[in-house]
Chemist: 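Please find one structure pasted underneath; my questions will follow.
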Amino acid sequence: MRRTKISDILKTGEVGEEYLVKGWVRTRRGSRQVNFIALNDGSVIHNLQIVADVEKFGEDLLRRATTGASLAITGKLSPSQGSGQKVEMLAEKLEVLGDCDPNAYPLQPKKHSLEFLREKAHLRFRTSTFSAIARVRHAMIFAVHNFFTSKGFVNIHTPIITASDAEGAGEMFQVTTMDLNQLPKKEDGGIDFSKDFFGKATNLTVSGQLEGELAAMGLADIYTFGPTFRAENSNTTRHLAEFWMIEPEMAFYDLNDNMDLAEEFLKYLIRYALDHCQDDLDFLSKRLLEEEKNKKAEERSMELLEKLRFVVENEFVRLTYTEAIQILKDSKPNKKKQFKYPIEGYGADLQSEHERFLVEKHFKKPVVLTDYPKEIKAFYMKLNEDHKTVRAMDVLFPQIGEIIGGSQREENYDKLLARMEEMDIPAEEMWWYLDTRRFGAVPHSGFGLGFERLMLFVTGMGNIRDVIPFPRTPKSAEF
RNA sequence: UCCUCAGUAGCUCAGUUGGUUAGAGCGGCGGACUGUUAAUCCGUAGGUCGUAGGUUCAAGUCCUACCUGAGGAGCCA
């Protein structure tokens, strides 16, 4: 008999029919006469209740069905006599595929802390929370490709190893095959990278944007979706050293087109989750309520599904940096000196507390901030007429802050070169990037979406290390 | 990297102003129980109190350093 997934049994299984299921034991309980085994196979958040007659299988066999053990069971589907589930399986045949020593197995049929499970990341796929997150994550990956495919975008694999250290997006991980104990030296004492694998110093990418721009200058609409590496010593709930980023880049888009796409994209993804991940989101919502039940009412977040619907149904607020500064300057917390960093006026970089005030207190919805002072933004952003601001946009979400950062790009060769010189970006090394501004340059725009930050929002989880299977953070690269 | 907090049984935590043999719940194991739902009831085993120093007659408790984890800040996605 072929194995049937529990998700299919719960969806289309027929009472009275016989099925073969395989999975892992979550709990076993029962009396001398009958045992109840909650079996989960990862296909869905729900368990299938297996009813096993003790006399039929013998205590010795059933005793092996401990939490974590894997089983194959053949049996008839039957309406459940108990109240926790509609159907259950009356076991006819029961085979233990893999035993699981209860004294050694770390997962117990009880609540574990997320910190504990993070240390058991090799086993946490077997928990309800992490299997739900993994399924939602997959749905979001699929939805990303779906969205862009439907719009005629072409997915581009940009390089993971890069020789460019001019992207300016943060500290980089070095890539080398040289023996670190015996580094080849140049005459001046510096390291001779010409002896290295690529004949020059190389790093892991911090962004696929620059290569993405090259592709957009021929294919018009492209996107990347790949791993991204930042060697920053960041220890927060929203930073990873290795994360996944989606970077669309569009020819002929100005900043407004860019914002429209970003908003449509985020809403599409969240609606996709609502439409396709109902069971998992229901579970994650309950998990969040449970976690926050000891918090004060004003510190609790909005119920998960309500929050997701709210974002889908409301327009994002769009305003310029200058307008935001004015709002912050006149705000109560600023006047009452409640900000740790008071807003004096134009030019200040916005701190987390300011972004949170705008999003969570003032507008109470996602905010898109545009036209930042050029001094606090990257070299490639298009300079405005005022020569003070650039056509940048940051999409700010409640709780997680910046979920998207993007801009219209500077397509004017002379202006771009001038900005690079001002910001000490080595233009010679970037000849290929500058070439796009020499040959048929067009206005274009793009943005980067941190995939795990999206996952934080959609799942309601509080720590980015819990929405990626194997998080890499400073001092932590286990598994 | 900076600031704050934490590290006691497999897990979650309690441990009073430093004072005798370190506790609970859950989990494990053994038993009871005619269908359970994180089952229930009875019993039982299990701890170099993060590591290394120091103060003291006496340290889980005080001090110092380090390690690990968490939260916040910065960097950003």
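Proteins get letters first, then strands, A, B, ... in listed order; numbering begins at 1 in each.
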Chemist: Identify whether any heavy atom of A:G82 sits under 4.0 Å from a base atom; if not, whether one sits that close to sugar-phosphate; answer base, sugar-phosphate or nothing.
Modeler: base
Chemist: Tell me if the side-chain of A:N35 makes a donor-acceptor pair with the base of B:U36, cut-off 3.5 Å, by modelled atom types.
Modeler: no
Chemist: Return the minimal non-hydrogen interatomic distance between A:V458 and A:A273, and the atom names on each side.
Modeler: CG1-CB, 3.7 Å
Chemist: Using whole Å, report how far NZ of A:K110 lies from C1' of B:G10.
Modeler: 9 Å
Chemist: Considering Watson-Crick and G-U wobble pairs with both distances under 3.5 Å, what does B:C33 pair with?
Modeler: none
Chemist: Mind checking who B:G7 pairs with, Watson-Crick or G-U wobble, both distances under 3.5 Å?
Modeler: B:C67
Chemist: If you only use heavy atoms from C-beta on, which nucleotide in B:C11, B:A73, B:A39 is closest to the side chain of A:F116?
Modeler: B:C11
Chemist: Look at the side chain of A:N103 and decide which nucleotide, out of B:C11, B:G28, B:G69, has an atom nearest to it.
Modeler: B:G28
Chemist: Could you let me know what B:A38 is paired to, Watson-Crick or G-U wobble, both distances under 3.5 Å, or none if it's on its own?
Modeler: none
Chemist: Nearest-Å distance, CD1 (A:I404) to P (B:C76)?
Modeler: 17 Å
Chemist: Starting at atom NZ of A:K86, determine the distance to atom C1' of B:G35, rounded to an integer number of angstrom.
Modeler: 20 Å
Chemist: Can you check the distance between B:U17 and B:A6, where both ends of the measurement are the C1' atom (answer in whole Å)?
Modeler: 23 Å
Chemist: Between B:G71, B:U37, B:G35, which one does the side chain of A:T237 approach most closely?
Modeler: B:G71
Chemist: Would you say A:R465 places a side-chain N or O within less than 4.0 Å of OP1 or OP2 belonging to B:A70?
Modeler: yes
Chemist: If we take the P atom in both B:U12 and B:A22, what is their distance in whole Å?
Modeler: 23 Å
Chemist: Kindly say if A:S31 contacts the phosphate of B:U34, meaning a side-chain N or O under 4.0 Å from OP1 or OP2.
Modeler: no
Chemist: Just do the salt bridge (Lys or Arg N to Asp or Glu O under 4.0 Å) check on A:D41 and A:K22 with the steps written out, would you?
Modeler: CA-CA 7 Å; A:D41 69 357; A:K22 298 181 184 182; over 6 Å; no
Chemist: Would you mind classifying the nucleic acid contact of A:S352 as base, sugar-phosphate or nothing, using non-hydrogen atoms under 4.0 angstrom?
Modeler: sugar-phosphate
Chemist: Are any of the side-chain heavy atoms of A:L269 and A:L449 separated by less than 4.5 Å?
Modeler: yes
Chemist: For A:K332 and A:K361: C-alpha separation, side-chain torsions, deciding distance, then whether side chain to side chain contact (heavy atoms under 4.5 Å, CB included) applies.
Modeler: CA-CA 11 Å; A:K332 246 191 223 162; A:K361 295 271 158 33; over 6 Å; no
Chemist: Do the side chains of A:M250 and A:L261 get nearer than 4.5 Å, heavy atoms only?
Modeler: yes
Chemist: Let me know, please, whether A:H239 or A:E115 comes out on the 5' side of the other along RNA chain B by nearest nucleotide.
Modeler: A:E115
Chemist: Consider the side chain of A:E232, meaning its heavy atoms from C-beta on, and name the nucleotide among B:G35, B:A73, B:C75 that approaches it most closely.
Modeler: B:C75
Chemist: Starting the side chain at C-beta, find the nucleotide from B:A77, B:U12, B:U37 nearest to A:Q49.
Modeler: B:U37
Chemist: From the list B:G35, B:G10, B:G31, which nucleotide is the closest neighbour of the side chain of A:Q108?
Modeler: B:G10
Chemist: Using purine N1 to pyrimidine N3 plus N6-O4 or O6-N4 for Watson-Crick, or N1-O2 and O6-N3 for G-U wobble, both under 3.5 Å, which nucleotide pairs with B:C62?
Modeler: B:G54
Chemist: Go ahead and name the base partner of B:C2; Watson-Crick or wobble counts if both distances stay under 3.5 Å, otherwise write none.
Modeler: B:G72
Chemist: When the distance from CD of A:Q85 to C1' of B:U36 is rounded to whole Å, what number comes out?
Modeler: 9 Å
Chemist: Between A:G450 and A:P474, who's closer to the 5' end of RNA chain B by nearest nucleotide?
Modeler: A:P474
Chemist: Hey, does the side chain of A:R238 come within less than 4.0 Å of B:A77's phosphate (OP1/OP2), counting only N and O?
Modeler: no
Chemist: Could you check whether A:Q33 gets within reach of a base, just the sugar-phosphate, or nothing at all, counting any heavy atom under 4.0 Å?
Modeler: sugar-phosphate
Chemist: Can you spot which of A:F148, A:F265, A:F225 makes a ring pair (Phe, Tyr, Trp, His ring centres under 6.0 Å) with A:F153?
Modeler: A:F148
Chemist: Distance check needed: B:C3 C1' versus A:K340 NZ, whole Å only.
Modeler: 7 Å
Chemist: Determine the contact category for A:G30: base if any of its heavy atoms lies under 4.0 Å from a base atom, sugar-phosphate if only primed atoms, P, OP1 or OP2 are that close, otherwise nothing.
Modeler: base
Chemist: In whole angstrom, what separates A:E59's CD from B:C33's P?
Modeler: 11 Å
Chemist: What is the separation between atom NZ on A:K120 and atom C1' on B:G10, rounded to the nearest whole Å?
Modeler: 9 Å
Chemist: Stepwise, does the side chain to side chain contact (heavy atoms under 4.5 Å, CB included) test hold for A:L328 with A:F357?
Modeler: CA-CA 8 Å; A:L328 287 165; A:F357 173 81; 3.6 Å; yes
Chemist: Nearest whole Å is fine: how far is B:A38 P from A:F36 CZ?
Modeler: 13 Å
Chemist: Go through B:G35, B:A39, B:U12 for me and flag the one nearest to the A:T27 side chain.
Modeler: B:A39
Chemist: Check step by step if side chain to side chain donor-acceptor pair (under 3.5 Å) holds for A:E88 and A:S78.
Modeler: CA-CA 5 Å; A:E88 62 194 14; A:S78 150; 4.5 Å; no
Chemist: If we take the C1' atom in both B:A77 and B:C63, what is their distance in whole Å?
Modeler: 43 Å
Chemist: Check this for me: does the side-chain of A:S234 come within 3.5 Å of the base of B:C75 through a donor and an acceptor?
Modeler: yes
Chemist: Looking at the side chain of A:N233, which of B:U1, B:C29, B:A70 is the nearest nucleotide?
Modeler: B:U1
Chemist: To the side chain of A:D349, which of B:C75, B:G31, B:C29 is closest?
Modeler: B:C75
